[in-house]
Amino acid sequence: MKRPKKLPRSFYLRDDVVTVARELLGKTLVSTIGGTRTAGVITETEAYAGPIDRASHAYGGRRTARNEVMYARGGTAYIYLCYGIHHLFNVVTNDHGTPHAVLIRAIHPTEGRELMHQRRGGTRLTTGGPGTLTQALGIRTTHNGTDLLGDTIYIEDGPAPPADIVIAGPRIGVDYAGEDALLPYRFHFDARRLP
DNA sequence: ATACCGATTAACT
DNA sequence: GTTAATCGGTATA
């Protein structure tokens, strides 16, 4: 059976980061790190709207060594360390110079479950959080800046979940962002409800 | 230089 | 419900 195509550059270059976040649901995030293919369907995302979004690392046009890659061209991986422990994976969107990004918060594992379980420390194969899915896929901050049209980390096309099971709501863990914390920039669905 | 906080998680009580 | 783990960014001096 033929594999779905990688998402094209044009998917990531679009202006509206919120639309890209919603449309990433149902696509498959693939890692070939270490030589073995591991993958899962994206079930939860959050949009971060660059300079005008208080929750974003690039709020007000902030530019540091950590967030520099947010300013790269759409289709680049932005990976940073959170709470000193967790490697969070984001997809940079929009053209270079516009620091928009989509945080991948959860996947439903589909390929390489054994290796993912092993990477998770042999405990439980949970990929329901932004820190656990990167651990399962072997993604670390060393992969920051990876081109998602390359062969190491990429996203394959897949069917969008039916609109009636997709939930939009406020983002998680951004209480510090004032009114922007209330924006409905989080999208998720229950993979078990797929037809 | 020091101090505090964060796009989190797992293991507790 | 609480807390420890642990490090880059930011503010303050």
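Each chain gets a letter, A, B and so on, in the order the sequences are listed, and its residues count up from 1.
Rounded to whole Å, the P atom of B:dC4 lies 15 Å from the corresponding atom of C:dA4. Spacing between C:dT3 and B:dC5 at atom P, rounded to whole Å, works out to 15 Å.
Atom CG in A:Asn67 sits roughly 10 Å away from atom C1' in C:dG9 (whole-Å rounding). Computed from coordinates, the A:Tyr176 OH to C:dG9 P distance equals 15 Å when rounded to whole Å. In this entry the distance linking CG of A:Asp180 with P of B:dG6 reads 16 Å, nearest Å. In this structure, the CD atom of A:Gln135 is 18 Å from the P atom of C:dA5, given to the nearest Å. For A:His87 and B:dT9, the NE2 to C1' distance is 13 Å, given to the nearest whole Å. Atom pair A:Leu103:CG and B:dA7:P shows a separation of 10 Å (rounding to whole Å applied). When rounded to the nearest whole Å, the span between CG of A:Leu133 and C1' of B:dT8 equals 12 Å. Note: CZ (A:Arg120) to P (B:dA11) measures 9 Å, nearest angstrom.
Using a 4.0 Å heavy-atom criterion, one finds that A:Arg66 contacts the sugar-phosphate atoms exclusively. Base contact: A:Ile85 has a heavy atom under 4.0 Å from a base atom.
With hydrogens and angles ignored, a donor-acceptor pair closer than 3.5 Å exists between the side chain of A:Tyr80 and the base of B:dA7.
Of the nucleotides present, none pairs with C:dT6 by Watson-Crick or G-U wobble criteria with both distances under 3.5 Å. Base pairing of B:dA7 is not made with any nucleotide, judged by Watson-Crick or G-U wobble geometry with both donor-acceptor distances under 3.5 Å.
An OP1 or OP2 oxygen of C:dT10 is reached within less than 4.0 angstrom by no side-chain nitrogen or oxygen of A:Arg63. Residue A:Arg186 places no side-chain N or O under 4.0 Å from the OP1 or OP2 atom of B:dA7. Using a 4.0 Å cut-off, no side-chain N or O of A:His86 falls inside it from OP1 or OP2 of B:dA7.
Looking at the side chain of A:Pro130, the nearest of the listed nucleotides C:dG9, B:dA7, B:dT9 is B:dT9. The side chain of A:Leu81 sits closest to C:dC7 out of B:dA7, B:dG6, C:dC7. For A:Arg62, whose side chain is taken as the heavy atoms from C-beta onward, the closest listed nucleotide among C:dT10, B:dT9, B:dA7 is C:dT10. Distances from the side chain of A:Thr64 to the nucleotides B:dA10, C:dG9, B:dT8 place C:dG9 closest.
Counting heavy atoms of neighbouring residues, nucleotides and ligands inside a 6.0 Å radius, atom CZ of A:Arg73 does not exceed 12 of them.
C:dA5 has no stacking from A:Tyr83 on its base ring, since the centres under 5.5 angstrom apart and planes within 30 degrees of parallel are not both found.
The closest donor-acceptor contact from the side chain of A:Arg54 to the backbone of A:Tyr59 lies at 3.5 Å or more, if one exists at all. The main-chain N or O of A:Leu7 is never found under 3.5 Å from a side-chain atom of A:Lys27 such that the two would form a donor-acceptor pair.
Going from atom CG of A:Leu137 over to atom OG1 of A:Thr32 covers 10.5 Å, rounded to the nearest 0.5 Å.
Side-chain atoms of A:Tyr80 and A:His87 include no donor-acceptor pair closer than 3.5 Å.
For the pair A:Arg140 and A:Phe89, the cation-pi test (distance below 6.0 Å, angle within 45°) is failed.
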